[in-house]
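Here's the structure we're looking at; comments come further down.
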Amino acid sequence: MALPNRKKKSYSILNDDAGCARIINAHNTKIVDTGSDRGNGVFSARQFLPGEVVMIGLIDCLDEVRTIYTIQMDWNVHALFEEPAIRSNHSCNPNLAIVPNRFGAYDFIAIREISRDVELTWDYATSESESIGFRRKLQLRSQGQVERQAALMRRGEGVGS
């Protein structure tokens, strides 16, 4: 009697890249209330060295419309990323940089040593032609604060968000 031809399920990064990326993200990060007006943020679940991949970006959906939650991928293409990336906050002095990845999204790479339980941030200006959230924040600041911030950034001394 012949047995039916069954395929074995293989649990390999080659067969389920996105699934493995989600496991890595869960191992590397945690979503926590920042205790400020920024709401939730993404925090490190372990220590990272410069150059390490901290989060692997995965796209939930693409749209032509920009929102405060999307990341610009092209001139009129905006992506809503899966968690944890969608929960990451902006900083003018970030600890992460973005680089394109194999999923058509961005990986978030440590640009300096990051200790455990540190908020993971990146500079939204690195992907946006115009950042909605940053523009709103600037509108709320006095003109003197805006000028001081601009001078610090020109000198490479940008301050946190």
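Under the 4.5 Å side-chain heavy-atom criterion for grouping Ile, Leu, Val, Met, Phe, Trp and Tyr, Leu62 is connected to Tyr124 within one hydrophobic cluster. Side-chain heavy atoms closer than 4.5 Å link hydrophobic residues (I, L, V, M, F, W, Y) into clusters, and following such links, even through other members, never connects Ile114 to Phe43. Using a 4.5 Å cut-off between side-chain heavy atoms of Ile, Leu, Val, Met, Phe, Trp and Tyr, with links allowed through other members, Phe108 and Val118 fall into the same hydrophobic cluster. The hydrophobic clustering, which links ILVMFWY residues whose side-chain heavy atoms are closer than 4.5 Å, places Leu80 and Ile68 together.
In this structure, Asp33 contributes its side chain and Gly35 its backbone to a donor-acceptor pair below 3.5 Å. Put simply, the side chain of Asn25 gets close to the backbone of Ile56: a donor and an acceptor are under 3.5 Å apart. Side-chain atoms of Ser44 come within 3.5 Å of backbone N or O of Ser115 as a donor-acceptor pair. Looking only at distances, no side-chain donor or acceptor of Glu82 sits under 3.5 Å from a matching main-chain atom of Ala85. A donor-acceptor pair under 3.5 Å is formed between the side chain of Asn101 and the backbone N or O of Gly57. Counting only distance, with no hydrogens or angles, the side chain of Thr29 and the backbone of Ala26 share no donor-acceptor pair below 3.5 Å.
Considering only heavy atoms from C-beta on, Asn95 stays 4.5 Å or farther from Trp122 through its side chain. Looking at heavy atoms from C-beta onward, Met55 lies in side-chain contact with Val42 at the 4.5 angstrom threshold.
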### Query
Please walk me through it: do His90 and Thr121 pass side chain to side chain contact (heavy atoms under 4.5 Å, CB included)?
CA-CA 5 Å; His90 165 78; Thr121 60; over 6 Å; no
### Query
When you look at Asn89 and Glu119, which way does the side chain to side chain contact (heavy atoms under 4.5 Å, CB included) test go after all the steps?
CA-CA 8 Å; Asn89 287 316; Glu119 185 172 12; 2.7 Å; yes
### Query
Which is it for Arg102 and Asp107 under the salt bridge (charged side-chain N to carboxylate O under 4.0 Å, His left out) test, yes or no, and what are the steps along the way?
CA-CA 9 Å; Arg102 66 194 289 159; Asp107 283 343; over 6 Å; no
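Here Leu96 contributes atom CG and Arg112 contributes atom CZ; the two are 8.5 Å apart, rounded to the nearest 0.5 Å. Ile59 CD1 to Tyr106 OH: the interatomic distance, rounded to the nearest 0.5 Å, is 9.0 Å. In this structure, the separation between CZ on Phe81 and CZ on Phe103 is 11.5 Å, given to the nearest 0.5 Å. With values rounded to the nearest 0.5 angstrom, Asn40 atom CG is found 8.0 Å from Glu83 atom CD. Put simply, NE2 on His78 and CD1 on Ile71 are 11.5 Å apart, with the number rounded to the nearest 0.5 Å. Distance check: Phe48 CZ to Leu120 CG gives 6.5 Å after rounding to the nearest 0.5 Å.
Pairing each heavy atom of Met73 with each of Ala79, the nearest pair is CG-CB, 3.6 Å. Scanning all heavy atoms of the two residues, the minimum distance from Ile111 to Pro94 falls at CD1-O, 3.3 Å.
Results of the side chain to side chain contact (heavy atoms under 4.5 Å, CB included) test with Val53 over Val99, Ile109, Asn28, Ile24 single out Ile109 as the only residue that passes.
Salt-bridge formation is detected for the pair Glu52/Arg46: a Lys NZ or Arg NE/NH1/NH2 atom is positioned less than 4.0 Å from an Asp or Glu carboxylate oxygen.
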